[in-house]
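Just so you know, residue 1 is the first one in the sequence shown, and it goes up from there. FYI, side chains are in, hydrogens and waters are out, and symmetry mates aren't considered; it's all heavy atoms of this structure.
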Amino acid sequence: MMTVVRPIALLLTALLVLSGCSLLQQKPVPLYQLDSGDAVTPTKDNGVTVLVGPISVADYLRQQHLLQRQADGSLVATQDARWASGLANDIDQQMLRQLAWRLDSQRLVLAPAAPGFSADAQVMLTITRLDSGPTQPAVLEAQWRLLDRRGQLRDSRLIRLEEAHSGALAEQVKAQSILLHRLAAELAVAIQPIAAAEPTPEPPRKKTPIAKAKPQEPAAGPKIPVAEPIKIDTEVFRF
């Protein structure tokens, strides 16, 4: 007896074979994270209190894929490499860890802080560029603003840093990590005198003089005419 193989069965078999081959050929996508370098956990529980943030990053840095800067300045997404937890999240965590290590204080908190948190200083950071390319160095462009415990602006600076690398993706990520380390080092130097400064007493407020109330005059009423004696000149005749 001859076995008849239907065309649909042949088609399904071919699809299964092809899908199996494609699965075998697919390679896992490598995931990358920024490196903490030599940062260690601080030991002081009574160090300076710093509010880190808000930290804002450019929209293009929120891509899941690694971006490659080209020679003409354009950016190309790398399809075979991704950030493990997002570059923006890595930046937050690395800045917190780097500043805590360099200030040797456990009392650093990412914004927004819990109600009642009182900081000796606050770091407001804006990162407008952090990228690299196969032939382009890693570049970091940012601006920081430092506030004292009263919320008064004490320092503001624009910064641009570069770091060379060999071209491999892993080396590019390492170079970008080094740029954040350098930024944190400069920030820590700027934070220390602000956080350590004694609070300036507020000047006494001048009391507003209170105007004395004038005595109230009696209410005006209808004026009553005063009777005055009327002098009448008369002549008296005697007979």
Side-chain angles (χ1 to χ4, degrees), residues 30-42 50-78 80-105 108-111 121-147 155-195:
L31 303 178
Y32 292 90
Q33 282 185 307
L34 295 175
D35 183 18
S36 299
D38 299 328
V40 296
T41 303
V50 180
L51 179 60
V52 182
I55 300 176
S56 60
V57 299
D59 289 340
Y60 84 95
L61 296 178
R62 299 186 181 277
Q63 297 278 340
Q64 191 66 29
H65 297 280
L66 269 71
L67 297 177
Q68 295 289 274
R69 179 75 65 173
Q70 306 300 307
D72 61 359
S74 62
L75 290 166
V76 177
T78 303
D80 57 351
R82 297 180 183 179
W83 293 106
S85 56
L87 180 57
N89 181 68
D90 274 6
I91 290 173
D92 287 351
Q93 297 301 322
Q94 289 303 318
M95 291 306 301
L96 178 66
R97 181 174 292 275
Q98 289 289 325
L99 287 174
W101 170 50
R102 295 177 187 278
L103 295 172
D104 195 14
S105 173
L108 275 75
V109 175
L110 279 173
Q122 179 179 0
V123 180
M124 303 177 68
L125 182 63
T126 301
I127 296 180
T128 55
R129 179 178 176 182
L130 180 60
D131 56 60
S132 55
T135 60
Q136 303 299 313
V139 176
L140 169 64
E141 293 179 354
Q143 180 189 24
W144 78 55
R145 290 182 295 166
L146 300 181
L147 310 182
D155 188 18
S156 179
R157 192 178 308 177
L158 290 169
I159 190 167
R160 187 179 193 277
L161 303 172
E162 287 190 14
E163 184 71 21
H165 57 81
S166 63
L169 282 177
E171 293 300 317
Q172 291 185 46
V173 172
K174 183 177 180 180
Q176 293 180 26
S177 302
I178 292 174
L179 291 180
L180 284 175
H181 302 171
R182 292 168 56 187
L183 174 62
E186 295 192 25
L187 262 173
V189 172
I191 289 171
Q192 286 174 347
I194 297 174

In this structure, are over 12 heavy atoms from other groups packed under 6.0 Å from Arg129 atom CZ? yes

Close side-chain approach of Gln143 to Thr128, heavy-atom, < 4.5 Å: no

For residues Leu125 and Leu183, determine if any side-chain heavy atom of one lies less than 4.5 Å from a side-chain heavy atom of the other. yes

Minimum heavy-atom distance Pro42-Ser105, with the two atoms named: CG-O, 3.3 Å

Between His181 (side chain) and Gln94 (backbone), is there a donor-acceptor pair under 3.5 Å? no

Side chains of His165 and Pro134: closer than 4.5 Å at any heavy-atom pair? no

If you apply the rule side-chain contact (heavy atoms from CB on, under 4.5 Å), what do you find for Leu99 with Val50, and how did you get there? CA-CA 9 Å; Leu99 287 174; Val50 180; 5.6 Å; no

Taking atom CD of Glu141 and atom CG of Leu130, what is their separation to the nearest 0.5 Å? 10.0 Å

Got a donor-acceptor contact below 3.5 angstrom from the Arg182 side chain to the Glu162 backbone? yes

Distance-minimising heavy-atom pair for Leu67 and Ala77: CD2-CA, 3.7 Å

Could you state the interatomic distance from CD (Gln136) to CG (Asp72), rounded to the nearest 0.5 Å? 9.0 Å

Nearest 0.5 Å please: distance from the CG atom of Leu110 over to the CG atom of Leu96. 4.5 Å

Looking only at side chains, do Gln176 and Ser132 share a donor and an acceptor under 3.5 Å apart? yes

Scan side-chain atoms only and decide if Gln98 and Ser36 contain a donor-acceptor pair under the 3.5 Å cut-off. no

Using the side-chain contact (heavy atoms from CB on, under 4.5 Å) rule, take Met95 and Leu187 through it: C-alpha gap first, then chi angles, then the decisive distance, then the call. CA-CA 10 Å; Met95 291 306 301; Leu187 262 173; 3.7 Å; yes

Take atom CZ of Arg97 as the centre, draw a 6.0 Å sphere, and report whether it contains more than 12 heavy atoms from other residues, nucleotides or ligands. no

Student check: side-chain heavy atoms of Ile191 and Leu146 closer than 4.5 Å: yes

In terms of heavy-atom contacts, Ala190 and Trp144 come closest through CB-CZ2, 4.1 Å

What are the two closest non-hydrogen atoms of Arg62 and Ala88, and how far apart are they? NH1-CB, 3.6 Å

Smallest separation among heavy atoms of Ala84 and Gln64, with atom names: O-NE2, 4.2 Å

Is there a side-chain contact between Trp101 and Asp38 (heavy atoms, below 4.5 Å)? yes

Within the distance-only criterion (no hydrogens, no angle test), does the side chain of Gln122 pair as donor or acceptor with the backbone N or O of Gly53 below 3.5 angstrom? yes

Separation between OG (Ser177) and CD (Gln172), nearest 0.5 Å, reads 11.5 Å

Could you pull out the closest heavy-atom pair between Ala121 and Ile194, with the gap in Å? CB-CG2, 4.2 Å

Counting only N and O atoms by type, is there a donor-acceptor contact under 3.5 Å from the side chain of Gln33 to the main-chain atoms of Leu31? no

Answer whether the closest heavy-atom distance between the side chains of Leu161 and Glu186 falls below 4.5 Å. yes

Given the rule in the side-chain contact (heavy atoms from CB on, under 4.5 Å) test, do Val57 and Leu87 qualify, once you have shown the distances and angles that lead to the verdict? CA-CA 9 Å; Val57 299; Leu87 180 57; over 6 Å; no

Taking the side chain as every heavy atom from C-beta outward, state whether Leu66 and Val173 have any atom pair closer than 4.5 Å. yes

Atom OG1 of Thr78 and atom CD of Gln63: how far apart are they, to the nearest 0.5 Å? 11.0 Å

Would Gln68 and Leu169 count as a side-chain contact (heavy atoms from CB on, under 4.5 Å) if you check the C-alpha gap in whole Å, the side-chain angles of each, and the deciding distance to 0.1 Å? CA-CA 9 Å; Gln68 295 289 274; Leu169 282 177; 3.5 Å; yes

Within-4.5 Å side-chain heavy-atom neighbours: Val52 and Asp92: no

To the nearest 0.5 Å, how far apart are CD1 in Ile91 and CD1 in Ile127? 4.0 Å

